[in-house]
Peer 1: 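Take a look at this one; I'll ask things after.
Quick note on labels: first sequence line is chain A, next is B, and so on, each numbered from 1.
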Protein chains: 2
Amino acid sequence: MTEFEIFRQMGAVSRQATMAMNEAARKYELENNLFLYLIRIVENEGLTQSDLAKLIQVDKTTLSRALRKLAERQYIVKVVGEENRKSKQLFPTEKGRQSYQFLEKIEKEYVHEQMVDLSATEQTELLRLLTKVGQ
Amino acid sequence: MTEFEIFRQMGAVSRQATMAMNEAARKYELENNLFLYLIRIVENEGLTQSDLAKLIQVDKTTLSRALRKLAERQYIVKVVGEENRKSKQLFPTEKGRQSYQFLEKIEKEYVHEQMVDLSATEQTELLRLLTKVGQ
DNA sequence: AGTCAATAGTTGTATTTGCAACTTTTAGTA
DNA sequence: TACTAAAAGTTGCAAATACAACTATTGACT
């Protein structure tokens, strides 16, 4: 069954990538997926915690404590929304933006290495198909 | 950059699937990815722990303890290899095989639902491209 | 205005996770 | 045969994870 294989392959590739990136992010004290959260915050300044949770599909309580850690370590700041006081908006600090530069480079290298066997056309097609998964 | 998006999309889809499957596997006491390990053991009887770790890309110490749990709960048995006493081969019990039937159904339903927007041709192409990622 | 439900986020707590370090077994090789 | 390195698996321990349950804010409906 092809459907099975697709998800299983995605799972293995993703777990491998997560392990590799956490390993690499370690020297910046951004292991345990902290790198993942920081990257998204830099690229989407001002998004809320629940926005981020939906974006990367992670448990909100895990995210809450991870973001506290990122804030303690001065990579981000959490700001209570002015008009909507329920949510907290996330912004990178200067330190966060600097670390992002390094993380981005690491991610780029890793991803590029994994994709060498796919042509540009194949990559475009792969992305197109992936975005059709799960509505 | 397309390469980035591919991995990020895979990550989100995979995490979502993992959460959904763990939620569903809960009533069989097979949460925390135990379902994942059991499925692979039933489908690849006799594989070793390190085989399994490579197959699904998970940390070997995490796997070691998870498999102990699976064995304690009588879903699998661990057998020291006859010719190679370094490794332990994994086999499902009858109970393990029965649970597999339910898990397979849940996985099939979930996966199918996620793939409704892709034609059979697209699914085949998606799998082909995915298997080219990371050699 | 008042009630109710939904949304956003945090905290309590038990369990899981994963790095470091360890044992055991095997393979290579001098 | 003995030495060394690699491979397979386990355990100690500190930290992360995630389910329940909670507070706080907002929106909807009467």
Peer 1: For the residue pair B/Ile6 and B/Val133, establish whether any side-chain heavy-atom pair is separated by less than 4.5 Å.
Peer 2: no

Peer 1: Under 4.0 Å from OP1 or OP2 of C/dG9: is there any side-chain N or O of A/Ser64 that close?
Peer 2: no

Peer 1: With nearest nucleotides of DNA chain D determined for A/Asn84 and A/Lys69 from heavy-atom distances, which residue corresponds to the more 5′ nucleotide?
Peer 2: A/Lys69

Peer 1: Inspect the contact between A/Arg97 and A/Glu45 and indicate whether a charged nitrogen and a carboxylate oxygen are less than 4.0 angstrom apart.
Peer 2: yes

Peer 1: Mind checking A/Glu83 for me? I need base, sugar-phosphate or nothing, with any heavy atom below 4.0 Å counting as a touch.
Peer 2: sugar-phosphate

Peer 1: Could you tell me how far apart B/Lys86 (NZ) and D/dG9 (P) are, to the nearest whole angstrom?
Peer 2: 9 Å

Peer 1: Output yes when at least one side-chain N/O atom of B/Thr61 is less than 4.0 Å from OP1 or OP2 of C/dG18, else no.
Peer 2: no

Peer 1: Between D/dT10 and B/Gln49, is there an OP1 or OP2 to side-chain N/O distance shorter than 4.0 Å?
Peer 2: yes

Peer 1: Are a donor atom and an acceptor atom from the side chains of B/Glu29 and B/Tyr75 found within less than 3.5 Å of each other?
Peer 2: no

Peer 1: Between B/Asp59 (CG) and D/dA14 (P), how many Å, whole number?
Peer 2: 18 Å

Peer 1: Measure CG/B/Leu47 against P/D/dA8 and give the value in whole Å, please.
Peer 2: 12 Å

Peer 1: Mapping B/Thr48 and A/Lys60 to their closest nucleotides on DNA chain D, which lands nearer the 5' end?
Peer 2: B/Thr48

Peer 1: D/dA8 phosphate, OP1 or OP2: any side-chain N/O from B/Lys78 under 4.0 angstrom?
Peer 2: no

Peer 1: Whole-Å distance between D/dA8 P and B/Leu90 CG?
Peer 2: 13 Å

Peer 1: Can you tell me if the side-chain N/O atoms of A/Thr62 get under 4.0 Å from OP1 or OP2 in D/dA16?
Peer 2: no

Peer 1: In whole Å, I'd like the distance from the CD atom of A/Gln57 to the C1' atom of D/dA18.
Peer 2: 15 Å

Peer 1: Between A/Lys132 and B/Glu122, is there a salt bridge with N-O shorter than 4.0 Å?
Peer 2: yes

Peer 1: Can a donor-acceptor pair under 3.5 Å be found between the side-chain atoms of B/Arg65 and the base atoms of D/dG9?
Peer 2: no

Peer 1: Closer to the 5' end of DNA chain C via nearest nucleotide, is it A/Ser87 or B/Glu31?
Peer 2: A/Ser87

Peer 1: Does any N or O donor sit under 3.5 Å from an N or O acceptor when you compare the side chain of A/Lys88 with the base of C/dG9?
Peer 2: no

Peer 1: Say you draw a straight line from CD1 of A/Ile41 to CG of A/Leu70; how long is it, rounded to the nearest 0.5 Å?
Peer 2: 6.0 Å

Peer 1: Hey, which of these two, A/Arg68 or A/Arg26, hits DNA chain C nearer its 5' end, going by closest nucleotide?
Peer 2: A/Arg68

Peer 1: Calculate the interatomic distance between B/Leu67 atom CG and D/dA8 atom P; express it in whole Å.
Peer 2: 15 Å

Peer 1: Whole angstroms only, please: what is the CG-P distance between B/Leu36 and C/dT16?
Peer 2: 16 Å

Peer 1: When the distance from CG of A/Leu34 to P of D/dA16 is rounded to whole Å, what number comes out?
Peer 2: 8 Å

